[in-house]
Structure formats: structure tokens, C-alpha cells
Protein chains: 2
Amino acid sequence: MDYENFSKQLKAISDPNRLKIVDLLSCGTLCACDLLEHFEFTQPTLSHHMKILQEAGIVSAKRVGKWQHYTLETSFITDFNKNVSTLFENGPECACHCKK
Amino acid sequence: MDYENFSKQLKAISDPNRLKIVDLLSCGTLCACDLLEHFEFTQPTLSHHMKILQEAGIVSAKRVGKWQHYTLETSFITDFNKNVSTLFENGPECACHCKK
DNA sequence: ATTAAACATAGACGCTTATCTATATGAAGT
DNA sequence: ACTTCATATAGATAAGCGTCTATGTTTAAT
């Protein structure tokens, strides 16, 4: 498995605030101002977090008028779940190369 | 859900080298010297990574003679999988508090 | 055209992290 | 007792991260 790539996904969501953002988006699309209401930090900080989530392929953005609409990437979820399975299970891709 | 706690688990495995360590341990118990053979870094660096994995409850250690035997904590795997489900699914614990 | 609202970018600051070298500890064999 | 092997600890360093303030950009409304 590609540890570097999986590592990037994990690092992107391993911040407690970004975890909450993903959790909020798991219910559906939200704009930045709606997201911001759930946090104590400033608007530029949210912008920074959203950029990280986008660059990791976790979230996609679409401008609608003045608003940025953020949506969870379903491809990320399936990819992530696949990586988790590969990591914990003793499969043929395991780094130990043992034949269980 | 407890974002702080889940964040600690994620940060502990979000290093590519520690991902590989977990992947290696998913096949069974290994000692430090066996693990070290799979990496380029030094022994103190491995010791550092193992400490982080232990403190996160991901790995347990047991001394057998001169060797430290490391084992993946099954409780971590179930806990982790549970957290992942809660995060991505639109459940009653979701931060948005919407009733889907 | 101005203004206001929503969001992004730039730069700075303090804290954390991954790695190293050097050294300590602890168990086992001679 | 001394040495050797396996592992841990200490301290240093460089890079990365989360946050802030200040400012820029873009869209829409007046």
C-alpha cells in the first residue's frame, strides 16, 4: 500500500477542528459561513483548514454567488475505508510478505 | 463524538513510517530489531515511534529477555473503525444535529 | 461608483514533530 | 566481573503546523 498517500489523507483529517468539519459535511453540503458558526477560530483559519481538506481530495468546493459550497468527496470515503482495511488486515499487500 | 481523542489516534498513525509499523504488526507480534530491518532510520527513531504508538493505545509492549515484543491492540482497531463510521455517516451523533 | 458581504492570501509567531548523535540501562553470555 | 546485544533516554536541530492580524479579491446590492 502507498503509505505516503494514506499518510497525507490521515494528516489532513487528524486535526480536531478538521474532524469536526468533516463530521458536519457528512450530513450534506455547507458554505464557509455556516461552518464557521460551529467554531471559535477566525475566518482565515477556516479558510486554511478548507484548503488543506481540498488539497487532500477530502472536500470539493463550488462557488455559488458569494458563497463557497463545500461537499465531502465520496471517492475519498471509499478510498479511505479501503486503506484502513488494507492496513489492519493481514492481506496479500501486507508489508511483512508472510503468507497467512 | 470525541474529536480530541480520535485526533490523537489519527495523529499517531498519520506518519508514513508508523503506518508501515502498524501494517507490519497486523500480521502478528514483532520485536524492535525485526521491525527496524524494514526501515532506513536509526534505532532511537524507531524507539520514539513505538513510544508514540504505545501512548496512543495502538500497540502494547512486553519484554521477553532482551527483546521488546510489540503487538497491535485489537481494542484500538475496533475503536478506530467505530470512530470512522461515526465520522462519515449521518448518524444521531453528528455535529450538525439534523434529523435525517 | 460605492459599499458591504463572503472568502482568500500574506506574513508572523509559538508550538510540535521527526530525525539525528551521544549516552544510559538492562539482560544474557563468557 | 566484563562484555555484548537490545532497547531507552537526553538533548539538539530543522521542518511543519495551527493560529492570529492585516489586507486583497470577488460578488452583489444600493
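The sequence lines fix the lettering, A, B, ..., with proteins before strands; numbering per chain opens at 1.
For A/Leu46 and C/dA5, the CG to P distance is 19 Å, given to the nearest whole Å. Summarising the geometry, the separation between CE on B/Met50 and P on D/dT9 is reported as 13 Å, rounded to the nearest angstrom. The distance between atom CD of B/Glu55 and atom C1' of D/dT9, rounded to the nearest whole Å, is 13 Å. For the pair B/Lys62 NZ and C/dA27 C1', the interatomic distance rounds to 17 Å; values are reported in whole Å. Between A/Lys51 atom NZ and D/dT19 atom P the separation is 16 Å, expressed in whole Å. Following rounding to the nearest Å, B/Tyr70 (OH) and D/dA6 (P) show an atom-to-atom distance of 14 Å. Distance A/Leu36 CG to C/dA6 C1': 11 Å, rounded to the nearest Å. The distance from atom CD1 of B/Ile21 to atom C1' of C/dA18 is 12 Å, rounded to the nearest whole Å.
Side-chain contact between B/Arg18 and B/Leu53 is present, with heavy atoms from C-beta onward closer than 4.5 Å. Contact check for B/Leu46 versus B/Ile21: side-chain heavy atoms found under the 4.5 Å cut-off. Taking the side chain as every heavy atom from C-beta outward, B/Leu87 and B/Val84 never approach each other to under 4.5 Å. Inter-residue side-chain proximity for B/Gln68 and B/Cys31 is flagged as unmet; no heavy-atom pair is nearer than 4.5 Å. Side-chain contact between A/Leu30 and A/Tyr70: absent, with no pair of heavy atoms (C-beta onward) separated by less than 4.5 Å. Inter-residue side-chain proximity for A/Met50 and A/Leu35 is flagged as met; some heavy-atom pair is nearer than 4.5 Å. With a 4.5 Å cut-off on side-chain heavy atoms, B/Phe88 and A/Asn81 count as touching.
Closest approach to the B/Cys31 side chain among C/dC20, C/dC7, D/dT7 is made by D/dT7 (side chain taken as heavy atoms from C-beta onward).
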At a cut-off of 3.5 Å, list every protein nitrogen or oxygen paired with a nitrogen or oxygen from nucleotides 14-18 of chain D, distance to 0.1 Å.
{"from": "D/dG18", "atom 1": "OP1", "to": "A/Arg18", "atom 2": "NH2", "distance (Å)": "2.9"}
{"from": "D/dG18", "atom 1": "OP2", "to": "A/Arg18", "atom 2": "NH1", "distance (Å)": "3.2"}

Sub-3.5 Å pairs of nitrogen or oxygen atoms, protein against nucleotides 23-30 of chain D:
none

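B/Val59 and B/Trp67 fall into different hydrophobic clusters, where Ile, Leu, Val, Met, Phe, Trp and Tyr residues are linked whenever their side-chain heavy atoms come under 4.5 Å apart, directly or through other members. Under the 4.5 Å side-chain heavy-atom criterion for Ile, Leu, Val, Met, Phe, Trp and Tyr, A/Ile58 and B/Met1 are members of the same hydrophobic cluster.
Within the 4.0 Å cut-off from OP1 or OP2 of D/dC20, at least one side-chain nitrogen or oxygen of A/Thr42 is found. Residue B/Gln68 places at least one side-chain N or O under 4.0 Å from the OP1 or OP2 atom of D/dA8.
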